[in-house]
Protein chains: 2
Amino acid sequence: MLSRQKVLKFQKAETDQKDESELGPLARTIGVFLDLTEEEISALDALNRQKIHLAAQQDLYLEGDAIDRTYVLLHGWMCRHRTLEDGRRQIMSFVLPGDLLNHFGAYQPTTIHTVTALTDAVLASFSCHDIVSLSRAYPRLGAAFAWLGARKYSLLEEHVVRIGRRNAYERIAHMLLELLHCLNVVDDSCEDGYELPVTQEILGDALGLSLVHVNRTLRRLRKEGLIQMDSNRRIVILDMDALTEIAEFSPDYLQHRSIPILTEENLQKVG
Amino acid sequence: MLSRQKVLKFQKAETDQKDESELGPLARTIGVFLDLTEEEISALDALNRQKIHLAAQQDLYLEGDAIDRTYVLLHGWMCRHRTLEDGRRQIMSFVLPGDLLNHFGAYQPTTIHTVTALTDAVLASFSCHDIVSLSRAYPRLGAAFAWLGARKYSLLEEHVVRIGRRNAYERIAHMLLELLHCLNVVDDSCEDGYELPVTQEILGDALGLSLVHVNRTLRRLRKEGLIQMDSNRRIVILDMDALTEIAEFSPDYLQHRSIPILTEENLQKVG
DNA sequence: GGCAATGACACACATAGGTTAAACAACGGC
DNA sequence: GCCGTTGTTTAACCTATGTGTGTCATTGCC
């Protein structure tokens, strides 16, 4: 994982309970993987003017909405999901601070999923086309946006493997580890534990399992001394190695390293 | 679906058993959704020089390979997949003619899945960075590449819902319909049936099912008069409406319409 | 022609995970 | 303090799907 110090620094700037550090959230997230210039940072921060506050359970947009806005989650947790006619629901992904929503909005006339706040949430909102014009004006930012998209794609592919070919026990272990690794990038407070602000039903909807079976399986993980669940929905990983082994978790797909295209030689190639 | 005539025209150019029409495959695929200029077409065709021929079962690249090439499938079927240590395999997606492989390669140091030919296959290969430089030189092509990426993302999300929340019966129905709709874009010979060059085991690996259960479920679909399976692995949809209802299939996510960003007003906005 | 390999198909049986229901704890409103 | 609401936990039962095994048809090889 890249530049731990940098994350730490950003965190410190935030500890006084303000949602926004001096850096905007996008600049912060991208900044973990790429050293931004002053100019690039202020270009990103310009996206950060219009704020949205949502209460837990509220929807940001619905499946089928025609929207031309892209969002960055600043604070809280959300999820993207689709529901079948009979009520079966599938969560595509959890949305953590720093993540983009409707990233590809400029190319999609309507959304194909719903986005809902799991906790109280704060977002910044800007036009879909801002990403396109910003990318044109600042090629390195364009690469960063493309990289964010590629990373999301990898996450989704891993989700397919998780749901398609892992059993409940492995699925939950894998999901808990993925969330830990992702949170570690933006939030330094979780060395081996974190608050999972999610009911067991929601976890089931993400993993293609029923509430009851999630409960059964969490119980098993606890009984075997692999995890611990405090009150306040705090998850603590007690035996990281064993859990990683069970889940066959390898963090490569998270791409927590510097953005490849921005090495010296590639910048030359691209001109 | 857009410009049926255009697809027909391209098909005619191909019927003499040549893999390449006058238009390169990328220009052809993109051309279905966007009228390309002569200049754009020849820029795309420049990507089309280096050909690769693979026999069925051969791998194009393996999980973990560090490659800096992007590919277009010209002819045949392939699949992208990952295998767990104990042999359980999950296919992320089938790859049809016109699809890109390692689309985001410029942003990913190593691949996270394996790509294998299901039939004999022909591909064109070019540098990952060509997409970036081409996008910079031709903004409309940049939009087209981004649109292709967004579309792939939608397909993968639908795959998550399919595997996570549909049962075997619905899963297979849904997959068969998706393939029909996708093939219809590039190949006009399949009005309501197509050759599915795939064993039942492979279908199971795509849908998170066992071979035996795929077999059972196909039998049921046949017995109920919904589909027909000729020899030569040809699938015929006998009752499209019923199947669409069962699968709760709505083709919006396939985005078989013109590329949104390229409307007059958006082009102005983007400059 | 025989033989090995592959894939479709079928059956019996085992089990992971779904369903239903109910008790219980935590919390906020009043 | 009581009460409704929400989420967790557990138990009992059921079913969709996996596993193991075997047959049969087709194909290609020698």
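Residue numbers begin at 1 in each chain, while the letters A, B, ... track the order of the sequences. None of the values given here were measured: they were computed from a predicted structure.
The phosphate of C:dA8 (OP1 or OP2) has no side-chain N or O of B:N215 nearer than 4.0 angstrom.
Using modelled atom types, one finds a donor on one side chain and an acceptor on the other under 3.5 Å when comparing B:R216 with B:H213. Side chains of B:T116 and B:H81: a donor-acceptor N/O pair is present below 3.5 angstrom, by distance only.
Considering B:E178, B:E158, B:R151 as possible partners of B:Y253, the one that fulfils the side chain to side chain donor-acceptor pair (under 3.5 Å) test is B:E178.
At whole-Å resolution of the value, CG in A:N232 and P in C:dA25 are 18 Å apart. For the pair A:Q57 CD and D:dT5 P, the computed distance is 15 Å after rounding to whole Å. Atom pair A:R220:CZ and D:dT9:C1' shows a separation of 18 Å (rounding to whole Å applied). Atom CD of B:Q200 is separated from atom P of D:dT26 by 16 Å (rounded to the nearest Å). One can place CZ of B:R165 at 16 Å from P of D:dA16, the figure rounded to the nearest angstrom. One can place CG of B:L207 at 13 Å from C1' of D:dT17, the figure rounded to the nearest angstrom. The CZ atom of B:R219 sits 15 Å away from the C1' atom of C:dG7 (whole-angstrom rounding). The distance from atom CZ of A:R166 to atom P of D:dG18 is 17 Å, rounded to the nearest whole Å.
Using a 4.0 Å heavy-atom distance criterion, B:G204 is classed as making no nucleic acid contact. Nucleic acid contact class of B:L218 (heavy atoms, under 4.0 Å, all strands): none. Residue A:N167 is in sugar-phosphate contact alone, with no base atom involved, counting any heavy-atom pair closer than 4.0 Å across all strands shown. Within 4.0 Å of A:R222, counting heavy atoms only, lie sugar-phosphate atoms of the nucleic acid but no base atom.
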What verdict does the side-chain hydrogen bond (donor to acceptor under 3.5 Å, both in side chains) test give for A:H159 and A:R162, after you've listed the backbone C-alpha separation in whole Å, the side-chain angles of each residue and the deciding distance to 0.1 Å? CA-CA 5 Å; A:H159 199 37; A:R162 185 162 48 208; 2.8 Å; yes

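Nearest to the side chain of B:R233, among C:dA8, C:dG18, D:dA11, sits C:dA8. Side chain of A:T199, nearest nucleotide from D:dG7, C:dA8, D:dG18: D:dG7. Picking from D:dT9, C:dG18, D:dG18 the nucleotide with the shortest atom distance to the side chain of A:H213 gives C:dG18. Picking from C:dG18, C:dA8, D:dT19 the nucleotide with the shortest atom distance to the side chain of B:S210 gives D:dT19.
Ion pairing of B:E157 with A:R80 is present here, as a side-chain N (NZ or NE/NH1/NH2) and a carboxylate O approach within less than 4.0 Å.
The residue among B:R216 and B:M229 whose nearest nucleotide of DNA chain C is located toward the 5' end is B:M229.
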